[in-house]
Amino acid sequence: MLRVAVPNKGSLSESAIEILTEAGYKQRRTTKDLSLTDVANEVEFYYLRPRDIAVYVGEGTLDVGISGRDLVLDSHADADVILGLGFGSSTFRFAAPPGTASSVKDLAGKRIATSYAGVLSDHLAENGVDASVVRLDGAVESAVALGVADVIADVVETGTTLRQAGLEIFGEPILQSEAVLIKRHGVDNPPNGLQQLVRRLEGVLIARNYVMMDYDIPAEQIDAATAVAAGLESPTVSPLHRAGWVAVRVMVQRAEAQRIMDQLWEVGARAILTTDIHACRI
């Protein structure tokens, strides 16, 4: 069976279980379950600490896993990203008291506290900066006030916690992260079930980002309507009982749906409807 690692707690866990469920896989009902076997799909799921998943996959103990891109890079595990999963987005940034630094080049000789020592060390090396990395497991924003570090490098969402600690963000982002599906590096023959897993997850991602749009329009306006919404390949067009009119079906990006509906109305479309897509294969 395909052996898949899934985060066991936190926001990554909830979203990973949700996307796997939408992809048709059985998932655990309680957080006490450490593993689950989906006999119908021939997959075994193991629920592990997100930070450990890349290590298990990189060593070949498990075939694939879901983790954060930041955690994968920080682990230096022998693992490759197969697919971005569109959730768990975060930004890794520098922060310090105002006036401390304006870019990574200003950090030479300084102490930098972080929970992502691997990512930070790689970034400093890439920029030719010699600084001390202070590894902490949490509460990084307190490191400067407690005298442990001069600067911190941490995941930033709104920046509110940093401001409360008297810190300001500076420099370019160190890393943009999201949840990813990973496999062991250098595996030429993918394990059974991996291609199916990838296709299903890709189908869920497309379904989340697109809607199906249906509308009626005079046949002579088809070209104008197609210029507004061409679809992935081309629209499906069917004649209506009303002479000179056709029904059109097309996939459009969810974020653009309202704007497209407005433009289709302007070129003569009527009875414009959108419906959710729950699964697909493209």
Side-chain angles (χ1 to χ4, degrees), residues 2-20 23 27-28 31 34-35 44-95 104 112-127 133-141 143 149 151-159 161-162 169 171-187 194 197-198 201 204-205:
L2 183 69
R3 299 164 299 171
V4 181
V6 182
N8 65 349
K9 61 182 179 179
S11 59
L12 278 183
S13 176
E14 296 171 4
S15 297
I17 288 174
E18 181 180 355
I19 195 171
L20 288 167
Q27 289 296 292
R28 66 179 183 177
T31 56
L34 302 181
S35 63
E44 293 176 343
F45 294 101
Y46 296 87
Y47 301 90
L48 307 169
R49 290 179 67 243
R51 186 171 284 274
D52 296 337
I53 286 176
V55 176
Y56 282 103
V57 173
E59 292 182 350
T61 305
L62 299 176
D63 298 312
V64 294
I66 295 175
S67 187
R69 188 185 301 274
D70 51 355
L71 297 175
V72 176
L73 294 174
D74 193 61
S75 71
H76 288 167
D78 198 21
D80 294 330
V81 173
I82 305 174
L83 180 68
L85 298 176
F87 61 85
S89 298
S90 62
T91 305
F92 195 50
R93 304 291 299 265
F94 287 116
V104 65
I112 309 172
T114 185
S115 296
Y116 297 81
V119 170
L120 176 57
S121 296
D122 291 344
H123 186 70
L124 293 173
E126 289 171 4
N127 287 275
V133 176
V134 180
R135 182 167 187 169
L136 300 176
D137 287 333
V140 176
E141 63 275 1
V151 179
I152 71 166
D154 201 12
V155 172
V156 176
E157 294 182 1
T158 63
T161 303
L162 296 177
I169 297 168
E172 295 296 321
I174 301 168
L175 175 68
Q176 298 282 357
S177 183
E178 67 171 327
V180 292
L181 181 70
I182 60 172
K183 69 175 181 65
R184 187 181 185 187
H185 175 72
V187 176
L194 176 55
L197 172 64
V198 173
L201 292 175
V204 172
L205 294 174

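No experiment lies behind these values; they were computed from the predicted model shown.
Across Val133 and Ser121, no two heavy atoms sit closer than the pair CG2-OG, 3.8 Å. Shortest non-hydrogen contact noted between Asn8 and Pro50 is OD1-CD, 3.7 Å. What you find for Pro7 and Ser13 is that their closest heavy atoms are O-OG, 2.9 Å. Closest heavy-atom contact between Ser115 and Gly138: OG-N, 3.8 Å. In terms of heavy atoms, Leu120 sits closest to Ile112 at CD2-CG2, 3.5 Å. Residues Lys183 and Val57 approach most closely at C-CG1, 3.5 Å, considering heavy atoms.
Leu62 pairs with exactly one of Leu48, Ile53, Ile182 by the side chain to side chain contact (heavy atoms under 4.5 Å, CB included) rule, that one being Leu48. The only member of Asp70, Thr91, Val155 that meets side chain to side chain contact (heavy atoms under 4.5 Å, CB included) when paired with Ser177 is Asp70.
Judged purely by atom type and a 3.5 angstrom limit, Gln27 has no side-chain atom pairing as donor or acceptor with the backbone of Ile17. Not a single donor-acceptor pair under 3.5 Å links the side chain of Ser35 to the backbone N or O of Tyr46. Using modelled atom types, one side-chain atom of Thr114 and one backbone atom of Ala153 make a donor-acceptor pair closer than 3.5 Å. Proximity of a side-chain donor or acceptor of Ser67 to a complementary backbone N or O of Ala54 within less than 3.5 Å is not detected. Distance alone, capped at 3.5 Å, places no donor-acceptor pair between the Asp154 side chain and the Val140 backbone. Side chain of Ser15 to backbone of Leu12: no donor-acceptor contact under 3.5 angstrom is found.
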*Before giving the answer on side-chain contact (heavy atoms from CB on, under 4.5 Å), spell out for Leu201 and Leu181 the whole-Å C-alpha distance, their side-chain angles and the decisive distance to 0.1 Å.*
CA-CA 10 Å; Leu201 292 175; Leu181 181 70; 4.0 Å; yes
_Set out, in order, the CA-CA distance, both residues' side-chain angles and the distance that settles side-chain contact (heavy atoms from CB on, under 4.5 Å) for Tyr47 and Arg28, then state yes or no._
CA-CA 9 Å; Tyr47 301 90; Arg28 66 179 183 177; 3.4 Å; yes
*asked:* Please determine whether side-chain contact (heavy atoms from CB on, under 4.5 Å) holds for the pair Val180 and Ile82, giving the CA-CA distance in whole Å, both sets of side-chain angles, and the decisive distance to 0.1 Å.
replied: CA-CA 7 Å; Val180 292; Ile82 305 174; over 6 Å; no
*Verify side-chain contact (heavy atoms from CB on, under 4.5 Å) between Thr31 and Lys9, making sure each step is shown before the conclusion.*
CA-CA 8 Å; Thr31 56; Lys9 61 182 179 179; over 6 Å; no
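To the nearest 0.5 Å, atom CD1 of residue Ile66 and atom CZ of residue Phe45 are 8.0 Å apart. In this structure, CG in Leu71 is found 9.5 Å from CZ in Arg49, a value given to the nearest 0.5 Å. Atoms CD and NE2, from Glu172 and His123 in turn, are 9.0 Å apart once rounded to the nearest 0.5 Å. Atom CD1 of residue Ile174 and atom CG of residue Leu73 lie 12.5 Å apart, to the nearest 0.5 angstrom. Summarising the geometry, atom OG belonging to Ser90 is positioned 8.0 Å from atom CD belonging to Gln176; distances are rounded to the nearest 0.5 Å.
Both cation-pi conditions hold for Arg51 and Tyr116: the charged atom is under 6.0 angstrom from the six-membered ring centre and inside a 45 degree cone around its axis.
Around NE2 of His185, the count of heavy atoms belonging to other residues, nucleotides or ligands within 6.0 Å does not exceed 12. Annotation for Phe92: atom CZ counts as buried by contact number, over 12 foreign heavy atoms lying within 6.0 Å.
Using a cut-off of 4.0 Å between Lys/Arg side-chain N and Asp/Glu carboxylate O, Arg3 and Glu44 are scored as not salt-bridged. Taking 4.0 Å as the cut-off between side-chain N and carboxylate O, Asp80 and Arg184 do not count as a salt-bridged pair.
At least one side-chain heavy atom of Ile152 sits under 4.5 Å from a side-chain heavy atom of Leu162. Side-chain contact check for Leu175 versus Arg93: every heavy-atom pair is 4.5 Å or farther apart. Counting only heavy atoms from C-beta outward, the side chains of Leu85 and Leu83 approach each other to under 4.5 Å.
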